[in-house]
Amino acid sequence: MSLSKDDTSLKSYFVFKTGLGWCGVVSSKKGILRILMGYPSRERILRKIVAEFGRSIAKTPAKGNIADKIKRYFSGGKVSFKCVLDWSFLSPFQKKVFKASMKIPYGAVESYGSLAKKAGCPRGSRAVGGALARNPFPLVVPCHRVIRKDGSLGGFSAGGGLELKKKLLKLEGQVRNSNK
DNA sequence: AACCCGCCCAACT
DNA sequence: AGTTGGGCGGGTT
């Protein structure tokens with residue numbers, strides 16, 4: 001996934017604060033390159049962005065409605081994230097998995113295995129887990145809706161960790177108080 | 001060519 | 001409830 005550091009293709013970012021931590025969006029000319037969320041401070045998220053995209057990345061005013069959508073979603077709105085993504089750097093397998101996962105509707109969940117089947121890779125549950133573990137577009141590619149077959153949560157590697165996954169599912173009405 | 005995994009399933013205790 | 005052991009497929013080094 002390594003992006004060349006001194007790539008001249010222009011990238012830009014903006015960050016913003018939400019009820020569930022600091023979030024950020026990095027874009028290229030083609031679309032959104034990366035969504036970050038769940039960071040505890042402005043410094044932390046900036047450091048992360050610089051670490052991944054280099055110091056030369058440009059800051060841009062929070063244009064577009066993606067920030068508003070995320071905020072609305074975090075406060076309980078049933079938001080559907082339709083936005084242009086730049087996934088030119090993803091592997092074919094990742095594209096298949098992300099595409100399949102975007103079909104999971106708000107408020108629904110699906111298991112890694114079942115998603116693997118829908119992505120055309122019937123025994124690829126672990127591979128699906130691996131792909132989702134590096135999902136650059138959390139929320140837009142709703143990897144938080146993918147859980148284990150037995151109902152336990154599985155993992156979540158975006159900022160905020162498993163706790164955030166639990167919160168998101170709760171927002172969507174999916175986590176009973178089982179505390180599993 | 002080895003590792004690592006956000007898994008799954010059956011078969012146990 | 002938890003553990004084990006085999007199998008799994010993609011990604012990374």
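Here is how names work: the chains are called A, B, and so on, in the same order as the sequence lines, proteins then strands, and each is numbered from 1. This is a predicted model, so every value here is computed, not measured. The figures here come from the full heavy-atom set of this structure, side chains too, leaving out hydrogens, waters and symmetry mates.
Annotation: A/F81 is not in aromatic contact with A/F137 [ring centroid separation under 6.0 Å not met].
A/L164 approaches A/G38 most closely through the heavy-atom pair CD2-CA, 4.3 Å. Counting all heavy atoms, side chain and backbone alike, A/G154 lies closest to A/K165 at C-NZ, 4.2 Å.
Taking atom NZ on A/K117 and atom P on C/dC8, their separation rounds to 17 Å, with Å as the unit. Distance, A/L90 CG to C/dG11 P: 10 Å, rounded to whole Å. Counting to the nearest Å, the C1' atom of C/dT3 and the CG atom of A/D150 are 14 Å from each other. Rounded to a whole Å, the CG atom of A/L115 is 14 Å from the C1' atom of B/dC8. Nucleotide B/dG6 holds its P atom 18 Å from the CD1 atom of A/I104, rounded to whole Å. Between A/L153 atom CG and B/dC7 atom C1' the separation is 14 Å, expressed in whole Å. The distance between atom CZ of A/F98 and atom P of B/dG6, rounded to the nearest whole Å, is 13 Å. What separates NZ of A/K95 from P of C/dG10 is a distance of 16 Å, to the nearest Å.
Nearest nucleotide to the side chain of A/R148, out of C/dG9, B/dG6, B/dC7: B/dC7. Nearest to the side chain of A/R134, among C/dT12, C/dG9, B/dC8, sits C/dT12.
Pair assignment for C/dC8: none, as no Watson-Crick or G-U wobble contacts are both less than 3.5 Å. Of the nucleotides present, none pairs with B/dG6 by Watson-Crick or G-U wobble criteria with both distances under 3.5 Å.
Around the NZ atom of A/K95, the shell of radius 6.0 Å holds more than 12 heavy atoms that belong to other residues, nucleotides or ligands. More than 12 heavy atoms of other residues, nucleotides or ligands lie within 6.0 Å of NZ in A/K69, so this atom counts as buried by the packing criterion.
The side chain of A/R126 contributes no N or O atom lying less than 4.0 Å from OP1 or OP2 of C/dC8. Taking only side-chain nitrogens and oxygens, A/K149 never comes nearer than 4.0 Å to OP1 or OP2 of B/dC7. Side-chain N/O atoms of A/R123 include one lying less than 4.0 angstrom from OP1 or OP2 on C/dG9. Contact between the side-chain N/O atoms of A/S125 and the OP1/OP2 oxygens of C/dG9 is not found at any separation under 4.0 Å.
Base engagement by A/Y112 is indicated by at least one non-hydrogen atom pair under 4.0 Å involving a base atom. Among the protein residues, A/G124 comes within range of the sugar-phosphate backbone only, with heavy atoms under 4.0 Å from sugar or phosphate atoms but none that close to a base.
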